Amino acid sequence: MQPPSRASASSLERGLSILSDVARGGSLTVEEIAVRTGIPPSSAYRYVARLAASGYLEEQRGRYTTGPAVLALAGRYVVQPFLAQIGPAYLRDLVRQLGETVVMLVRVGSQAVCLRKAEPEKALIYSFAVDELLPLHAGAGQRVLLAWAPPPVVEQVLSGPLPRYTPATLDAASLRADLATTRQRGWATSRGELDPGSFSLAVPVTFRGEVVCSLNAAGPDVRCDTPAWITRATSALLSTASALSAALQEWSPSAPTRGPHDS
């Protein structure tokens, strides 16, 4: 890979400088941004327009503040260490309620990562290793992360190769439909998409309006793919997701949260 050109580096530095000044100033006009950064007003307008179009800045009555893309970056990467710290206790409680493996997954780019997991004592046919990289298109917890990922990430996954791990792995058309269903009802299921004979159910956990992780309960389909277990697992996972969101809110009381269905 070629290193970035001097012009590219300069553009990046100017963009970061603008974001930094807006974050410190709270609310700035383009003219104020130009003065603070030493960038000519015509160039400042171009940079601000690009940052606003990408969601990094937000305009209100001619003044700019940091936008949702900045909050999303802060939300995801700042909370992951906190989730890793408090998550095991929540997962162990879910294992006691459901009797199956429970994992906490986070999205890193176009892949999922198992952040934490808890398992029952009985023998299992299904589990993830902590820090294991996983595909976003196969598995309930992964698809929850994909369902609420930024549109460019969704399109990148849908337009790229979708390896079939089992005959049940979804193709692009089925996956797109499933993502819409997942966003509508607020949870996802998977039947043998990664491991034959497994069943999993997952829900999102939100912070600052963004899905920062998914909670995924899974086990053999003979035990889990029943109406009674699905009802019990959905209730338990949603309740725990709500408790985790509340814990994140208490940890960062100045950060408003929204549910996964909010626009």
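Positions are given from 1, in the same order as the sequence printed here. All values below come from the heavy atoms of this structure, side chains included, with hydrogens, waters and symmetry mates left out. Predicted model, so just to flag it, every value in this text is computed and none were measured.
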| said: Do L19 and V35 sit in one hydrophobic cluster, given that two such residues count as connected whenever their side-chain heavy atoms are within less than 4.5 Å of each other, even indirectly? | reply: no
| request: Report whether L133 and V212 are members of the same hydrophobic cluster (ILVMFWY, side-chain heavy atoms less than 4.5 Å apart, transitive linking). | output: yes
Kindly compute the distance separating [atom1] ([X]) from [atom2] ([Y]), expressed to the nearest 0.5 Å.
X    : Y    : atom1 : atom2 : answer
L238 : W187 : CG    : CH2   : 9.0 Å
D178 : R183 : CG    : CZ    : 9.5 Å
L244 : L237 : CG    : CG    : 10.5 Å
Y64  : E32  : OH    : CD    : 12.5 Å
R143 : E193 : CZ    : CD    : 4.0 Å
R50  : I18  : CZ    : CD1   : 10.0 Å

Decide yes or no for [X] and [Y]: does some side-chain heavy atom of the first lie under 4.5 Å from some side-chain heavy atom of the second?
X    : Y    : answer
V95  : R92  : no
P135 : L194 : yes
D93  : V102 : no
L170 : L162 : no
Y90  : M104 : no

Might you point out which heavy atoms bring [X] and [Y] nearest each other, and give the distance in Å?
X    : Y    : result
L146 : V154 : O-CG2, 3.3 Å
Q97  : R232 : O-NH1, 2.7 Å
R107 : Q80  : O-NE2, 4.0 Å
P204 : G186 : CD-O, 3.2 Å
V153 : S110 : CG1-CA, 4.5 Å
A44  : I39  : N-CG2, 3.6 Å

Whether [X] side chain and [Y] backbone form a donor-acceptor pair below 3.5 Å:
X    : Y    : value
T169 : T166 : yes
S214 : V203 : no
Q142 : A138 : yes
S245 : A241 : yes
T182 : V144 : no
H137 : P163 : yes

| request: Apply side-chain contact (heavy atoms from CB on, under 4.5 Å) to the pair R116 and V130, showing each step before the final yes or no. | output: CA-CA 6 Å; R116 289 290 183 267; V130 172; 4.0 Å; yes
| Is atom CZ of R164 surrounded by more than 12 heavy atoms (other residues, nucleotides or ligands) closer than 6.0 Å? | yes
| Parallel, tilted or perpendicular, as decided by the 30° and 60° cut-offs, for the rings of F207 and W251 | tilted
| message | Applying side-chain contact (heavy atoms from CB on, under 4.5 Å) to L105 and V113, what does each step give before you reach the verdict? | response | CA-CA 6 Å; L105 302 173; V113 175; over 6 Å; no
| salt_bridge(E31, R63) N-O dist < 4.0 Å | no
| Working for side-chain contact (heavy atoms from CB on, under 4.5 Å), residues F199 and T226 | CA-CA 10 Å; F199 176 86; T226 68; over 6 Å; no
| message | T101 vs N216, test: side-chain contact (heavy atoms from CB on, under 4.5 Å). Steps then yes/no. | response | CA-CA 8 Å; T101 298; N216 188 95; over 6 Å; no
